[in-house]
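To start, the structure itself, in structure tokens.
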Amino acid sequence: MTNFNPENMKKILCVFGACAIILACNNSENLGSTQDDSALVKQTGLDSLGMSSTTSTQTKGEQLIASSDCLTCHKVESKIVGPSYIEVANKYEESDQNIEMLAGKIIDGGSGSWGEIPMAPHPALSVDDAKEMVKYLLSLKTN
Ligand code: HEC
């Protein structure tokens, strides 16, 4: 870096200040009845920055489970066909080994851990997605 010059710094701050004022004026114009589709597109562009209210409260694993068939056989708090997710979470430590093992079980299906009823296989799921699901499940631990 060259010599630090406080005069330059002041100029930079002034430029920033001016930009902020210009931006603020532009925004308030958009609030009028001139708001059209392109303004809406700009607003919904916030989604891609992860700032949308629907994605911030749900983890990826929770979304994956909600969009798969899991909830027809599992509920968070009570047993249906398969064990409740809280039961599963309380049974297993949140270790890499268990996450891998349970992700494999979601993809391949299987029985014997909770009874004779088998778990349906999910061959279309990627290992990474299955692991996200398991991480969410194990986060429900209550003990
Ligand atoms: C057709 C019903 C059914 C569906 C659909 C289903 N499960 Fe299961 N699940 C079961 C049953 C039954 C068991 C108990 C299997 C056992 O005893 O080993 C089980 C067990 C599990 C276990 C614990 C495995 C173990 O070894 O302890 C996890 C984790 C799990 N399911 C996650 C999921 C996820 C995630 C989905 C969605 C992708 C899903 N399940 C969809 C029936 C189902």
Side-chain angles (χ1 to χ4, degrees), residues 1-2 4 6 8-143:
M1 283 296 277
T2 51
F4 181 75
N8 276 344
M9 199 61 204
K10 268 189 206 160
K11 277 187 207 149
I12 291 170
L13 285 178
C14 281
V15 172
F16 269 124
C19 286
I21 291 164
I22 293 166
L23 282 175
C25 292
N26 276 345
N27 274 345
S28 56
E29 276 168 20
N30 278 345
L31 292 177
S33 57
T34 55
Q35 201 171 44
D36 57 11
D37 283 352
S38 65
L40 282 176
V41 168
K42 272 186 221 150
Q43 282 174 357
T44 51
L46 286 177
D47 280 352
S48 58
L49 297 173
M51 291 171 75
S52 124
S53 55
T54 48
T55 51
S56 59
T57 50
Q58 269 193 332
T59 65
K60 187 174 178 210
E62 193 177 359
Q63 283 175 7
L64 287 166
I65 284 176
S67 59
S68 184
D69 65 352
C70 322
L71 298 174
T72 55
C73 293
H74 294 282
K75 258 184 161 168
V76 170
E77 284 174 16
S78 50
K79 184 175 161 46
I80 325 177
V81 181
S84 77
Y85 284 151
I86 288 179
E87 277 180 291
V88 175
N90 286 340
K91 178 170 173 170
Y92 298 101
E93 274 309 310
E94 201 176 340
S95 67
D96 287 352
Q97 239 181 348
N98 282 337
I99 291 173
E100 202 130 316
M101 184 275 287
L102 291 173
K105 181 130 179 185
I106 294 171
I107 293 171
D108 296 333
S111 64
S113 304
W114 299 88
E116 291 314 305
I117 306 169
M119 155 101 156
H122 295 83
L125 277 179
S126 73
V127 176
D128 281 346
D129 281 357
K131 281 187 184 172
E132 288 295 331
M133 289 172 162
V134 174
K135 281 185 205 158
Y136 159 69
L137 290 187
L138 295 184
S139 75
L140 299 172
K141 210 180 250 304
T142 58
N143 69 3

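Numbering of ligands and ligand atoms starts at 1, following listing order.
Among protein heavy atoms, the minimum distance from atom 32 (C) of ligand 1 is reached at Met119 CE, 3.5 Å. Closest to atom 22 (C) of ligand 1 among all protein heavy atoms lies Val88 CG2, 4.3 Å. Atom 13 (C) of ligand 1 has as its closest protein heavy atom Pro83 CD, 3.6 Å. In terms of protein heavy atoms, atom 23 (C) of ligand 1 is closest to Trp114 NE1, 3.6 Å. Considering only non-hydrogen protein atoms, atom 29 (C) of ligand 1 sits nearest to Leu137 CD1, 3.6 Å.
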Expected list for residues 125-137: side-chain donor-acceptor pairs under 3.5 angstrom, two or more places apart:
residue, atom, partner, partner atom, Å
Ser126, OG, Asp129, N, 3.1
Lys131, NZ, Glu100, OE1, 3.3

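For ligand 1, the atoms sitting less than 4.0 Å from at least one non-hydrogen atom of Pro118 are 12 (C), numbered in the order shown with element in parentheses. Every atom of ligand 1 with a heavy atom of Gly115 under 4.0 Å away is listed here by number and element: 17 (O). Ligand-side atoms of ligand 1 in range of Val81: 12 (C), range being under 4.0 angstrom from any heavy atom. Residue Asp69 approaches ligand 1 through these ligand atoms, each under 4.0 Å from one of its heavy atoms: 5 (C), 37 (C). Per-residue contacts place Leu102 under 4.0 angstrom from the following atoms of ligand 1 (heavy atoms of the residue considered): 24 (C), 25 (C), 26 (O), 27 (O). Contact atoms of ligand 1 toward Ala120: 1 (C) (distance under 4.0 Å to a heavy atom of the residue).
Geometrically, ligand 1 and Tyr85 share no nitrogen or oxygen pair separated by less than 3.5 Å. Taking distance alone, with nitrogen or oxygen atoms compared against 3.5 Å, His122 stays at or beyond that limit from ligand 1. Inclusion of Gly82 in the set of residues having an N or O under 3.5 Å from an N or O of ligand 1 is not warranted. Of the polar atoms of Tyr92, at least one N or O is found under 3.5 Å from an N or O of ligand 1, judged by distance alone. Considering both main-chain and side-chain atoms, Lys91 never comes within under 3.5 Å of ligand 1 through any nitrogen or oxygen pair.
Two residues are said to be in side-chain contact when any heavy atoms from C-beta on lie closer than 4.5 Å; Val88 and Pro83 meet this criterion. Within the 4.5 Å cutoff, the side chain of Asn90 has no heavy atoms near those of the Tyr85 side chain. Using a 4.5 Å heavy-atom cutoff, the side chains of Met119 and Cys73 are not in contact.
Side-chain contact, His122 with Asp108: no donor N or O sits under 3.5 Å from an acceptor N or O.
Of the candidates Asn98, Leu125, Ile117, Val134, it is Ile117 that places a heavy atom closest to atom 12 (C) of ligand 1. The residue among Ser111, Cys73, Ala130, Cys70 with a heavy atom at the shortest distance from atom 2 (C) of ligand 1 is Cys73.
Using cut-offs of 30° and 60° on the angle between ring planes, the pair Trp114 and Tyr92 is perpendicular.
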